[in-house]
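Here's the structure, in structure tokens; my notes come after.
Numbering of ligands and ligand atoms starts at 1, following listing order. Predicted, not measured: the structure shown is a model, and the values here were computed from it.
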Amino acid sequence: MKKNTKQQKFSNEWLTLFEKSNQQKSPSYQETISYFKKFEDKTPYARMFTIGVSPQGREIKCLVVARNGEFTPNEAKKSGKAIVLIQNGIHAGEIEGKDACMLLLRDILITKEKFNLLKNVVLLIIPVFNVDGHERLSPFNRPNQNGPLLMGWRTTAHNLNLNRDYMKADSPEMKAWLKLFSDWLPDFAIDNHTTNGADYQYHVTYGLERQANISEYLSGWIKGKYLPHIIKKVEKDGFLTTRYIEFKSEKLTDGLIDYPMLPRFSTGYCAVQNRICLLVETHSLKPFNNRVFSTLSIMNHTLEFINQNSKELISLNKKADNHTVNYHYNKGKVLPVDFEDTGGFENFAFKGFESYEEESAITGNKVVRYSDKPIVFDVPLYNKTRIKFAVNVPKTYLIPKEFSQLVDIMSLHGIKHGVLESSKHLLVEKYQFTNDQFMPRPYEGRQQALFNLIPFYEKVKVDKGTFIIPTNQRTLRVIVNLLEPMAPDSFARWGFFNSFFERKEYAEAYVMEPIAKQMLKDNSKLREEFNTKLDSGENFRNDPLERLDFFYRNSPYFDKTEKVYPIMRVNEKVLP
Ligand SMILES: [Zn+2]
């Protein structure tokens, strides 16, 4: 006899709004937290805690789920189980991960159909990360998205995109997240999203770092073991899946790109922490319920796989940590921090829909229309990159005490530091900024700086109270990516040192001119240099201010800190 519907194995109080609304709605933040809190109240396997408070005063919650009450970072680590962090709604309009987590937790803790997912795993779930954005509800927040009826907003109440904030940590939300991450140090992270863009057949795509920006131990595991398993399982559940789709241009036939993600993003950030982050991107044109269930599928199979391979994953993470220090600190090998496309590609069989172009009276140009006819076409996938910039890692960075706010951010990243107890004379390496330019528009509320560097050595007296950052730490990649100005997400690139590009003291021309005359008379080397500049450069010759500035720069009045990066590199261990 054919079985009709699946028997409900839980009481109605565990029905989610998603289910009660015919799979059309997602609950408010308050309702969401009430639902998650019930797992703490009604089972012995969950504890809820607050990781931080948003700018609008909402508490960001996290639920820790563990079979034997491993509710603290210490207990979780001691248990030998893999710690898995799942976060939802970093872009709060992209919310199906939250609804999927409610179903997942019910399967684990209430019906216990999936209780075995806690065998070798301690789960951390952030129901909603961007809590203020989640409550900025409207049916009109995401024009490309097919449900839920009301959805939240992409950015925070400060209009910051959290998925650009991992390194600079401007937002209180990200500061809270970093503290959670470094306290628990998850073995694997899942970041749930919904993607926009062209229409295609895939229901759910995955983003995983597999290039030279992540430890080979981890990329090897992803490519060789995790991915083949997960693709098979998710497709068996009826969801077409592939790598995260990013197009090279507006034209699909120009192909796809797959470059290392910068550490400002979740996946790139975990990579510099020697951990794997799975980016889940359902497709926004698929109905909400399909997106909830495809997210549930990829989470389920990922957790199953981690349960089966928890020991191996933990040991690979440890190896990646040790290798980072051994290779870049002990052996002194360079650390790549920036990458570029080689132009190389492989063919990719893209499962799209047939599209055509139509004249538009609105745009006065052609617009793309998609049919629902599936089609597979070969496109180039540009996934070959080479190292653009690599850093010789110093044994120590020294940060003057006036930059304690940077050290505070670094502490949230899990970076340890010491403080110099008495002043010391040291040979340090410094950087002089040259060719400095600034982005014309603000980005994430900051004016990003572009520059080149001229390194130089100097014997300096390092003051008492200077912060010492030894690089023989498991966070070595994070340290270097924050402190090396050429790294794309360094403090310097994000504009934290923009005031150092400004000249703050001047000499009046009538004061400088007689000094210059005297300098010319007294210093034959300078005279020679000045004359060469006059002979070789028309611009210089015709610019009275530049000519005078030449002398100012060479005089003792010139500010020696102008355009000098104040953080120092030392090629030896520095003790407090
Ligand atoms: Zn997103």
Side-chain angles (χ1 to χ4, degrees), residues 26 29 32 54 60 85-101 125-138 140-148 150-171 173-174 177 181 189-200 202-209 239 241-247 256-271 276-288 290-292 294-296 298-299 302 443-444 489:
S26 185
Y29 189 56
T32 302
S54 74
I60 307 167
L85 169 67
I86 302 177
Q87 64 186 39
N88 305 300
I90 184 171
H91 296 145
E94 311 168 10
I95 204 58
E96 53 269 28
K98 174 192 73 178
D99 298 273
C101 278
I125 301 186
I126 301 175
V128 180
F129 184 12
N130 175 11
V131 290
D132 293 342
H134 187 271
E135 295 305 276
R136 186 177 160 182
L137 284 170
S138 165
F140 304 115
N141 278 348
R142 287 177 60 77
N144 301 323
Q145 191 167 298
N146 188 354
L150 292 175
M151 53 191 91
W153 187 252
R154 181 175 180 79
T155 53
T156 68
H158 287 156
N159 212 24
L160 292 178
N161 184 342
L162 291 177
N163 206 20
R164 307 290 182 274
D165 200 29
Y166 279 92
M167 291 296 272
K168 62 186 172 63
D170 281 329
S171 65
E173 293 94 332
M174 186 51 73
W177 187 96
F181 189 91
I190 301 178
D191 183 23
N192 288 322
H193 291 248
T194 318
T195 195
N196 304 328
D199 198 3
Y200 44 71
Y202 306 104
H203 299 100
V204 59
T205 61
Y206 48 80
L208 289 157
E209 296 311 303
F239 303 105
T241 186
T242 190
R243 62 178 58 241
Y244 177 50
I245 301 279
E246 256 195 294
F247 294 99
L256 308 173
I257 54 170
D258 183 1
Y259 305 145
M261 294 298 272
L262 296 174
R264 71 185 67 170
F265 299 100
S266 58
T267 52
Y269 181 72
C270 287
I276 298 168
C277 175
L278 165 71
L279 172 81
V280 178
E281 293 270 7
T282 61
H283 191 240
S284 61
L285 294 170
K286 306 291 183 286
F288 184 50
N290 186 287
R291 284 163 24 222
V292 170
S294 64
T295 306
L296 184 58
I298 199 166
M299 287 195 297
T302 297
Y443 179 62
E444 291 303 312
D489 280 332

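Here Glu281 does not reach the Zn ion (ligand 1): none of its N/O/S atoms is less than 2.8 Å from the metal.
Separation of the Tyr200 and His283 ring centroids falls under the 6.0 Å cut-off.
Here the side chain of Glu96 pairs no donor or acceptor atom with the backbone of Thr282 at under 3.5 angstrom. Of the possible donor and acceptor atoms, one in the side chain of Asp165 sits under 3.5 Å from a partner among the backbone N and O of Asp170.
Centred on the Zn ion (ligand 1), the angle running from His91 (ND1) to His193 (ND1) is recorded as 100°, rounding to 10°.
Atom OE1 is the N, O or S atom of Glu94 at the shortest distance from the Zn ion (ligand 1).
For Glu94, the salt bridge (Lys or Arg N to Asp or Glu O under 4.0 Å) partners two or more places apart in sequence, or in a different chain, are Arg142, Arg154.
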